[in-house]
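Below: the structure, in structure tokens.
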Amino acid sequence: MRRGSLQLLNYIYNLQPIVNFGAMFADGSESYRSPAEPDYGDDVTLRFRTASNNVDEVICVVNGTKHYMERVRRERIFDYYETVVKNVTEKVSYYYEIHVGNLVCYYNRLFLQKEPDEQYSFQIIPGYKVPDWAKGAVFYQIFVDRFYNGDKSNDVLDNEYSYIGKPVKRITDWDKVPDTSDVGNFYGGDLQGVIDKLDYLQDLGVDVIYLNPIFVSPSNHKYDIQDYDYVDPHYGRIVYDEGEVLPEGELENKKSQRYINRVTDIRNLEASNQLFIKLVEEVHRRGMKIILDGVFNHSGSFNKWMDKERIYEGRKGYEPGAYVSKDSPYRSFYNFSDSDAWPYNDSYDGWWGHDTLPKLNYEESQKLHDYIMHIGQKWVSPPFNADGWRLDVAADLGYSEEYNHRFWRDFRTAVRSANPNAIILAEHYDSARNWLQGDEWDTIMNYGAFMEPITWFLTGVEKHSDEFRGDFLGNPDIFFNSMKYYMASMNQNSIDAAMNELSNHDHSRFLTRTNKRVGRLHTVGADAASEDVNYGLMRMGVTFQMTWPGAPTIYYGDEAGVFGWTDPDSRRSYPWGHENKELIDFHKKMIAIHKGYQVFMKGSLIFLHGENKCISFGRFTEEEAAVVIINSDYTDKMLKIHVRHLGVRNNRTMKRVILADEKGYSMDDQICMVQNNVMSVVIPAMSAAVYVGKLK
């Protein structure tokens, strides 16, 4: 909580500043709940911190029952209170009630409150375990077609087939900016390209690779899966490559023997899966992990279960698709509104009305449900051994919320039975509270408690660059409140592994957002994406990303200075040979700081200071404390940061480990002495600074 808020509480209660509200603290970390991720039947110790000799009584209200806490430890700065919740076999909700004289206040996931609000209580969920390897890990997202072309023999050919009424194109100029209609353009990136660049990723400091979809699919984004069982040979290996492409002017894909052979011949499919096995082995050999994109809400119209393009029709080894035949074994996989339209029935439901994305009809097909459970297990099991799934539009799956939750409970059970250490990470834009209850998802792509608040604060631009809000730009209250409320919808283990991205394949590049301009590729053009960008703001964003709780996730090319409006422009190719090497070097240094101090990997969080265009927050463990200051104003700020609540005593020092601004960055040591419980610093205009100090 910020100091201004503490003073306000004192004013509200008409108390003298002797009551130290800011010292009151608890969260779901190991320091304040032990074990942090209990098994069924464990006893759980809960702790609460206050200023030394500052309160009369602390009560932990557990499922409505008051547990009077015992003061078990007193230090020079803090007192620690404990209680034990015995034999936890089901979900437990709790909050804290603090008594000081006639004053009673409450503490929950929203920090200090005047009244109890059980909606934001802490939770103990026995058996809810998020893989430790994901907590604080540095992820790197790869849109495969645009990363690196390691095998030109598998490139999509001009006119190889048609997609959405147009012949596909092979782009031979790697550095070409995407077209406004880009979905059928292919640059040639592939899994061999990822293998070729693993040394680069390892040197950058990456722990986990997240691949956008890699399974057989006709689009460059591959969110319209054609065959869940195989890697697309255009990303893998093509060992049998016979047949003609479509004649000029022809759009009927059943006449493209070249494409049909490439993506249906078992020799190509098996060879491609073998290459994926090699990729995973190379990733694991370097001590890294790899996760896949699971698109289970919808398939593609090309899918062998639907076969709207009729490329599987009559082909040996394939059953008739649901579009082709009323008697297809896959008919129940989709919802058809016209039961008399076969053969070639196009009356199926499309996700958001898109006929290229037929929605999967799980409620009426146990066979489909079981098959996707098999797919979930297959790719995290030998010989493939992926380390988990990112789930596309996960809350949309099914036709009802009730079924959606049932499906993801089943999916978690299936995947974890195959690989107990696999992560299940979902795409979700709003509060994910209902899915983060220990039996469905582990965590989420963190829009609400990361991408959106920092984007609004630093740039004033919405994440698609579709709107500018001057009232959000540099507004610390909107920033802190957004973070606070969205973080309160997640358990601590979900926060620790949340995918914290500045950019991704669905939104504009963060570097482009720093120009504070509204636009898209088709409205303002490609060149505008690089005009008036501010590298100081970019470095502030990266500094924040590498010091905030969660798993910092770099979208390929962000570290190299790639620009781009929202999809498709955000899917520009990686600029091999003309990277922004200074920005890459800065990312390396910030990743090293993130991983070099345990306080950034697992430390607790406190908001320290907020004013127009300037925020500060602290991270702390029992051994370390850190202060991060971001000043996006064009004037220097003279700040007095209250660090006693981090456990920093007077006459201790905090060392500045990095200062980043519009010109670059500096790692020259600057020592700040803590006096009168504060560190007094001058934070230069348009800069971010990170200070770290030892507590013991």
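Starting from 1, each residue takes its place in the sequence as its number.
A side-chain donor-acceptor contact under 3.5 Å links Arg109 to the backbone of Met490.
Between Asp207 and Lys289 no salt bridge is recorded (no basic side-chain N to carboxylate O distance below 4.0 Å). A salt bridge does not link Lys222 with Asp145: none of the charged nitrogens is closer than 4.0 Å to a carboxylate oxygen. Salt-bridge check for Lys359 with Asp349: failed, with every basic side-chain N at 4.0 Å or more from each acidic carboxylate O. A salt bridge between Arg412 and Asp439 is absent, with no side-chain N of the basic residue lying under 4.0 Å from a carboxylate O of the acidic one. For the pair Arg33 and Asp27, the salt-bridge criterion is not met [side-chain N within less than 4.0 Å of a carboxylate O]. In summary, Arg285 and Glu282 engage in a salt bridge, as defined by a charged side-chain N under 4.0 Å from a carboxylate O. A salt bridge links Lys135 with Asp132: at least one charged nitrogen is closer than 4.0 Å to a carboxylate oxygen.
In this structure, Tyr485 places its OH atom where only 12 or fewer heavy-atom neighbours from other residues, nucleotides or ligands lie under 6.0 Å away. The environment of Gln366 atom CD is dense: over 12 non-hydrogen atoms of other residues, nucleotides or ligands sit within 6.0 angstrom.
The cationic atom of Lys197 (NZ for Lys, CZ for Arg) does not lie both less than 6.0 Å from the six-membered ring centre of Tyr574 and within 45° of the ring axis.
The distance between the ring centers of Tyr210 and Phe139 does not fall below 6.0 angstrom. The ring of His507 has its center closer than 6.0 angstrom to the ring center of Tyr447. Taking the six-membered ring wherever Trp is involved, the centroid distance between the rings of Phe276 and Trp379 falls below 6.0 Å. Proximity of the aromatic rings of Phe450 and Phe544 is defined here by a centroid distance below 6.0 angstrom, and this criterion is met. Taking the six-membered ring for Trp, Tyr371 and Trp305 have ring centres closer than 6.0 Å.
With 3.5 Å as the limit, one finds no donor-acceptor pair spanning the side chains of Trp133 and Asp387.
Side-chain contact check for Gln141 versus Tyr556: every heavy-atom pair is 4.5 Å or farther apart.
Using bins of under 30°, 30° to 60° and over 60° for the plane-to-plane angle, the ring pair His369/Phe407 lands in the perpendicular bin.
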